[in-house]
Protein chains: 2
Amino acid sequence: MSWYFENGPESDVVVSSRIRFARNIHGHKFTGSADEEELKEILKIFKTNKVVSGLKFIQLSDLDDLMRMSLVEKHIISRDVLRQKNAAMLLNADEDSCVMLNEEDHIRIQTMTPGFDLDKAYKEAKKIDDQIAEKVEYSFSDLYGYLTMCPTNLGTGMRASVMLHLPALRMTGQIGKVIDVVNKINLNVRGVYGEGTDAIGDMYQVSNKVSLGLTDEEIINNVTTIVNKLIAQERNAREYLRSKEVEFEDRICRDFGTLSCARKLSYKESEQLISIVRLGVHMGLIKDIDAKKVNEISVVTKPATLQKFSKETLEGTELEIKRAEMIKKIIKK
Amino acid sequence: MSWYFENGPESDVVVSSRIRFARNIHGHKFTGSADEEELKEILKIFKTNKVVSGLKFIQLSDLDDLMRMSLVEKHIISRDVLRQKNAAMLLNADEDSCVMLNEEDHIRIQTMTPGFDLDKAYKEAKKIDDQIAEKVEYSFSDLYGYLTMCPTNLGTGMRASVMLHLPALRMTGQIGKVIDVVNKINLNVRGVYGEGTDAIGDMYQVSNKVSLGLTDEEIINNVTTIVNKLIAQERNAREYLRSKEVEFEDRICRDFGTLSCARKLSYKESEQLISIVRLGVHMGLIKDIDAKKVNEISVVTKPATLQKFSKETLEGTELEIKRAEMIKKIIKK
């Protein structure tokens with residue numbers, strides 16, 4: 001089962017946890033400076049499918065546009081890697097382990113896990129890292145640690161990030177202040193979709209800003225401390241909203257009605273409705289669907305993924321109709 | 001089965017048809033002039049339950065307030081009759097035949113039928129009329145016909161009325177003009193709930209203004225002609241709306257979502273939503289419920305009837321919550 005349909009620890013607030021290692025191969029120019037021949041040589045190392053067990057080599061240029069955009073929507077690959085002609089990924093069946101090749105760095109190891117579980121993601125990433133290290137020599141300096149294209153990735157080359165669903169902090173008007181505070185303590189927090197404090201779907205990603213001078217453990221601890229605080233604040237805000245009782249419930253129930261019955265839904269509206277419905281499901285106020293179905297709806301209604309699932313190239317109103325139909329199908333099944 | 005849950009001819013536009021005869025008993029003062037003793041004497045004639053077969057005598061003062069208001073909401077008795085101390089009704093099990101006693105006139109025979117079927121209602125009313133005529137002598141003048149309290153009821157004493165659901169004429173902005181035209185040709189048309197052209201729930205009643213100088217058949221023909229025209233106009237307006245396709249469907253589907261999922265619903269909002277959902281069901285755009293369920297929802301969500309069904313005396317938000325729960329129950333059963 002694809003990891004993004006599942007739930008994990010603290011799933012009421014935390015959607016997913018992710019670890020990323022940035023690595024480069026000794027003796028090769030950075031991706032941005034290397035010519036296509038050199039980039040091809042790097043891909044060649046991984047083409048045998050034997051470097052990392054369970055992960056399959058996929059040349060990104062072999063995939064059609066929808067498939068590639070769908071991978072971006074699911075945060076499995078970055079938008080940036082699609083700009084490279086000679087880029088590839090290693091991916092497993094559950095899509096929770098991915099190695100991007102020739103992105104900003106030669107190697108970007110990424111592991112994802114549902115809910116709040118950075119340790120699990122870290123262990124998986126480390127396993128992959130070790131396997132790759134057996135085949136290639138990483139660019140490494142005793143002074144700076146792993147050498148990376150961007151200085152913020154120097155050191156461990158690690159980014160630990162957590163995606164949080166914070167609708168109640170928005171609804172109670174606290175989200176702006178919360179973001180400001182987190183940004184001041186050497187962590188990044190940003191809306192995953194949309195801009196700034198008006199994140200579409202109330203999804204926020206918290207991650208470390210730098211990795212130089214810190215151990216992997218310290219980075220994970222820093223992120224964990226803040227995420228735990230955010231979880232507590234969001235839960236408090238939810239209990240405050242619950243105390244408003246029927247007005248709040250009514251709003252949630254009506255949004256579920258619109259999500260499940262509309263004849264057509266734009267991407268933006270569906271993300272907003274899904275956010276409220278997710279909140280309602282995790283607060284026990286909506287019982288017609290479970291949290292896994294919310295995850296599924298959230299994934300398959302994104303534009304490219306929706307078209308991939310529906311096996312049609314659709315635009316405008318047609319795509320909005322297909323989105324509404326897909327949601328109905330998931331709710332009713 | 002109560003008649004108001006059923007559908008009949010042209011049920012897509014016509015909710016119900018109704019015939020009413022106004023009669024008074026020779027040798028007794030009109031209700032408004034008679035003292036309580038005289039009114040009691042009139043009731044006494046009907047107390048045996050043998051005057052009209054199948055209709056049971058019920059003294060209105062024996063019913064509780066909710067029961068009485070619920071009968072008014074279902075248009076089985078008038079609000080006026082509740083002001084009389086010595087008032088009663090004869091009612092059958094299906095609630096489609098009713099004789100009010102000591103309303104404005106001594107005797108008000110009323111028969112109701114789902115859909116557009118004045119002939120059927122007329123036959124039933126006539127049957128009851130004939131049975132009563134065997135027991136009492138009606139006040140009758142060769143010049144004026146049946147003598148009634150209000151001059152508009154002189155002559156045959158008959159009112160033929162039809163309740164129509166005209167949402168598309170409202171949505172296309174034609175309803176005001178349509179009402180003006182009908183009112184000019186000696187027929188009454190009025191919103192059943194609410195005022196004027198902004199009838200809550202888009203329900204309109206068309207009936208003859210006078211009965212003097214016309215035969216029963218002529219009255220029914222006049223009403224029938226106009227109702228047929230209104231049905232055609234409403235259907236045209238619906239087809240026009242259908243041609244707007246997905247925008248129109250989307251609105252209908254969303255209203256169904258709100259009606260079926262809201263945590264609480266005011267009376268006014270539920271009537272508005274029911275109107276749109278009824279339209280959607282009859283146009284084949286909503287398939288999750290059938291027309292009978294719409295009828296049922298429409299009846300049981302009216303304030304007094306709702307409290308009667310829920311066996312609780314509720315107010316404000318509690319009643320709005322109960323209304324939403326009742327609707328969910330009917331939709332899901």
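Quick caveat: nothing in here was measured; it's all calculated off a predicted structure.
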Go through B:Asp288 and A:Lys328 one step at a time and tell me if the salt bridge (Lys or Arg N to Asp or Glu O under 4.0 Å) criterion holds.
-> CA-CA 12 Å; B:Asp288 297 87; A:Lys328 273 195 198 77; over 6 Å; no

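- Counting non-hydrogen atoms of neighbouring residues, nucleotides and ligands closer than 6.0 angstrom, the CD atom of A:Glu239 exceeds 12 such neighbours.
- With a threshold of 4.5 angstrom between heavy atoms, B:Ile252 does not approach chain A through any atom at all.
- A salt bridge does not link A:Glu247 to B:Arg263: none of the charged side-chain nitrogens sits closer than 4.0 Å to a carboxylate oxygen.
- Counting only distance, with no hydrogens or angles, the side chain of A:Asp250 and the backbone of B:Lys264 share a donor-acceptor pair below 3.5 Å.
- The shortest non-hydrogen separation linking A:Ser260 to B:Cys261 is OG-SG, 4.4 Å.
- Of the residues considered (B:Leu285, B:Val246, B:Asp255, B:Ile321), B:Val246 shows the highest number of contacts with chain A, using heavy-atom pairs under 4.5 Å.
- Neither the backbone nor the side chain of A:Ile286 comes within less than 4.5 Å of any heavy atom in chain B.
- Rounded to the nearest 0.5 angstrom, B:Arg254 CZ and A:Leu265 CG are separated by 5.5 Å.
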